[in-house]
Amino acid sequence: MAHVTALHLKYKYPGSDTLALHDISFSVERGECIGIIGENGSGKSSLCQALAGLIPGFYKGAYGGKVLLDGQEAAHMDADTLCRKVGLVFQNPFNQVTGAKLTAYEEVAFGLENIGVPREEMHARVREAMELLHIYEYREHYPFDLSGGQMQRMAIAGVFAMRPEIIVLDEPVSQLDPQGRKEVFEAIRTLSGHGITIFLAEHNMEQIAAFCDRVALLHEGRLICMDTPARLFSRDDLETYGVEAPVFTKLARVLQVRGQDGLFPVTLEETKRLFMEKRQTGAGVLEWLE
Amino acid sequence: MARIEIEDLYFSYRPEEEILKGVRLTLDQRPTAIIGQNGAGKTTFVKLLKGLLRPTGGRILLDGQDIAGLSAAKLASRIGMVFQNPNDQIFKNTVMAEVSFGPRQIGMPEDKMRICCQKALEAARLTGLEEKNPYDMGLSARKMVAIASILAMDTDTVIFDEPTIAQDHVGKERIRQIIRGLAGEGKSVIAILHDMDFVADVFERVIVFMEGRILMDGSVREVFADRDMLERAYLEQPNVTRLCHELGYRGVYLKVEELLHET
Amino acid sequence: MKSISLYEDKGTFLNRTAPESKLLYILTAVSVPALTGIEWAGIAFIALSALLLLTGRVLKKTLPVLGVSGFIMLTVVVIQGMFRRENMTPVFSLGPCVFYREGLYFAFQIILHILNILLSFCVLMLTTKPSDLIESLVRRGFSPRFGYVFVSVFQIIPQMTETMGIIMDAQRSRGMETEGNLLTRAKAFLPLISPVVMSSLVNTRERAMALEVRGFNSRCKKSFLNPRVKTAADRYIQAMELALIASALGWRILLWLM
């Protein structure tokens with residue numbers, strides 16, 4: 001059985017006359033890492049919130065279709081079950097600090113207190129989450145004093161400690177500097193390595209290509225396609241949906257450097273490999289750079 | 001065109017914690033990107049340029065005149081600054097009212113104001129949306145309103161604080177065109193950025209800040225050629241530059257077009 | 001650390017004392033003089049609170065608190081001293097103003113009450129982490145939501161002030177004068193309102209969602225990361241406080257029966 005399934009998901013925010021999500025269906029296996037791309041206003045955040053069960057619960061509004069988590073309908077789960085099943089990380093790390101705690105350690109424990117995890121286990125889980133995300137050394141710091149990258153990893157640790165099977169990240173690095181981005185992406189890779197199903201909304205296509213097993217392209221609330229990065233980014237019509245391919249893919253397209261499957265490379269490593277191969281076979285076009 | 005000279009600039013909120021530790025440079029007409037870690041002093045630096053903070057040491061000369069002696073309105077007519085988050089800036093009920101607020105504040109004559117607003121709205125592709133309420137617009141469009149309201153002030157220097165943050169492909173494309181347009185008119189553009197591909201594409205000069213000091217200052221090619229120095233500042237080369245390095249090419253290529261041009 | 005809380009951990013005996021003991025102390029300090037009606041009891045508690053604050057090394061911090069309320073106390077002295085209905089015996093006069101013994105005595109009593117309440121509250125507030133205080137109340141069945149609002153206000157207001165600073169800068173850089181006389185500043189304040197409201201609405205909604213996904217609305221029984229702070233000393237202190245209140249109550253009933 002698929003781990004996460006969306007079936008004819010439709011949603012309209014209260015007071016709006018356009019659908020934020022328009023008949024979206026897909027299914028995702030356990031442990032997959034799914035990228036969500038599309039221009040601003042295409043429905044990325046709405047989809048993230050629907051997957052985390054905040055739509056329709058938190059927002060109200062018109063809702064149709066369903067999201068199934070492990071075969072159970074998200075909209076019918078109580079708050080308690082839902083937050084053990086799926087975690088959500090937002091764009092702005094600052095708004096995820098509860099403000100009720102004076103240290104990063106207590107901050108990470110916040111969710112565990114709410115769902116009544118026994119004290120011994122709570123300490124074990126908080127420590128594990130903070131060590132995994134390399135923020136254990138900041139455990140005594142005042143949460144608001146952390147850097148953006150540290151704060152965002154603290155937010156992820158707080159979600160991870162709840163032991164969800166699914167973590168949805170809505171543009172988690174867009175407010176961070178290069179170092180912070182790197183830290184958070186490493187953290188996401190770690191989560192993925194723990195068998196957690198990941199949804200990642202992001203504008204940086206190079207990162208999406210490097211991280212995701214499959215990518216969902218949204219446009220005006222519709223799911224245009226959901227495919228592997230290579231297949232998706234090899235499409236000719238990306239610009240019409242307001243997104244662009246990774247620079248590597250753009251370069252390979254102009255030079256018509258394709259892999260054996262006929263698709264363009266999407267990551268640095270792959271592009272390098274294909275370019276090197278082409279050079280060895282003396283394919284001509286790349287020799288100018290020697 | 002404005003000439004901004006920065007002489008031994010120091011700044012700290014508390015004496016034991018210096019944020020800027022002696023910055024010395026001259027800003028010229030080249031579009032200039034300021035890059036570096038958060039906390040390196042980039043935002044503090046542009047706030048000092050804009051007179052929002054007072055230096056604890058050194059001074060800033062705008063065409064030879066110390067900006068410490070200028071009033072907020074006076075300085076605003078010379079240097080404009082687009083803040084990171086448009087929500088921090090927008091407060092009027094229509095796009096037009098928002099865009100004309102700045103020109104009014106600096107006492108721009110009515111007829112010039114009309115022309116400048118029109119031009120700014122055009123550059124930001126907001127023509128026809130003058131009577132819309134900015135709060136009903138999406139984030140990308142609101143960013144454009146915030147940018148237009150600074151462009152309308154027709155300052156000869158424009159500062160952008162992380163303009164590409166949370167912008168999609170289309171939004172970035174527009175900002176790219178706006179910055180190029182400004183440079184084309186002979187205005188100085190200074191921008192704080194985290195997106196190296198964007199810097200490589202749009203800017204000519206790059207200044208790297210690290211721990212309150214200038215680590216590197218040079219043409220975009222010089223700066224991005226130096227992998228080791230960039231690494232010291234926790235920065236990476238643009239993607240195309242990285243690829244070319246990986247492939248062992250000798251030259252420093254900054255963007256796809258540049259590589260293709262060679263063929 | 002940016003927090004508007006007056007609390008600071010100085011590692012003193014009072015910092016280690018359980019919030020409940022200090023809450024109970026306020027109750028004792030207020031109820032004993034009120035029940036017994038003995039003036040000296042009030043004075044004794046004021047002295048005790050001052051002593052506690054001294055050992056807690058926070059006596060200095062009470063000065064601003066006293067300064068603010070000092071003005072109110074002064075008004076009480078002036079109004080009651082001059083105009084109280086029962087005023088009969090003049091004590092002294094300042095120019096045309098005559099102060100009477102009855103009014104001054106009444107003002108003195110009020111001031112005793114105010115000081116007593118203020119200082120005993122200071123014993124609690126200046127030496128207790130707000131989150132510990134709320135946690136101890138939540139453990140006793142106090143609403144976690146209300147508790148959250150109370151505690152987070154201390155942390156989030158300073159953050160909002162920061163946002164306010166950025167918004168102010170954004171308008172200043174468009175040529176608005178934000179410094180100068182009252183009128184200039186009042187005019188400068190208006191454009192700040194809608195961005196401030198807007199950004200705090202957005203932030204609040206996001207924070208509410210972040211709380212939701214971390215089980216804030218879970219109906220489970222909450223657990224607590226930190227064990228309850230209760231030392232052996234707390235047991236004695238609380239027993240003593242309860243005994244004092246009980247005996248004051250006994251005294252009152254006795255008086256009433258006789």
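A, B, ... follow the sequence lines: proteins, then strands. Residue 1 opens every chain.
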So, the part of A/Glu120 with a heavy atom under 4.5 Å from chain C: the answer is neither
By residue number, those in residues 156-164 of chain A with heavy atoms under 4.5 Å from heavy atoms of chain C are A/Gly158, A/Met162
Can the ring centres of A/Tyr11 and A/Tyr13 be said to be less than 6.0 Å apart? yes
Which atoms of A/Val168 approach chain C - backbone, side chain, both or neither, heavy atom under 4.5 Å: neither
Has the side chain of C/Arg16 got a donor or acceptor atom that lies under 3.5 Å from a matching backbone atom of C/Thr231? no
Is chain A contacted by the side chain of C/Pro130, its backbone, both, or neither, given a heavy-atom distance below 4.5 Å? neither
Of the listed residues (A/Ala100, A/Gly99, A/Gly111), which shares the most heavy-atom pairs with chain C below a 4.5 Å separation? A/Gly99
If you take the centroid of each ring, where Trp contributes its six-membered ring, are C/Phe45 and C/His113 closer together than 6.0 Å? no
Heavy-atom cut-off 4.5 Å, strictly under: side chain, backbone, both or neither for A/Leu82 against chain C? neither
Which portion of C/Phe216 sits near chain A, non-hydrogen atoms under 4.5 angstrom: both
Name the region of A/Phe90, side chain, backbone, both or neither, that has any atom closer than 4.5 Å to a heavy atom of chain C. side chain
Please say whether the positively charged group of C/Arg139, taken as NZ for Lys or CZ for Arg, lies over the ring of C/Phe224, i.e. under 6.0 angstrom from the six-membered ring centre and within 45 degrees of the axis. yes
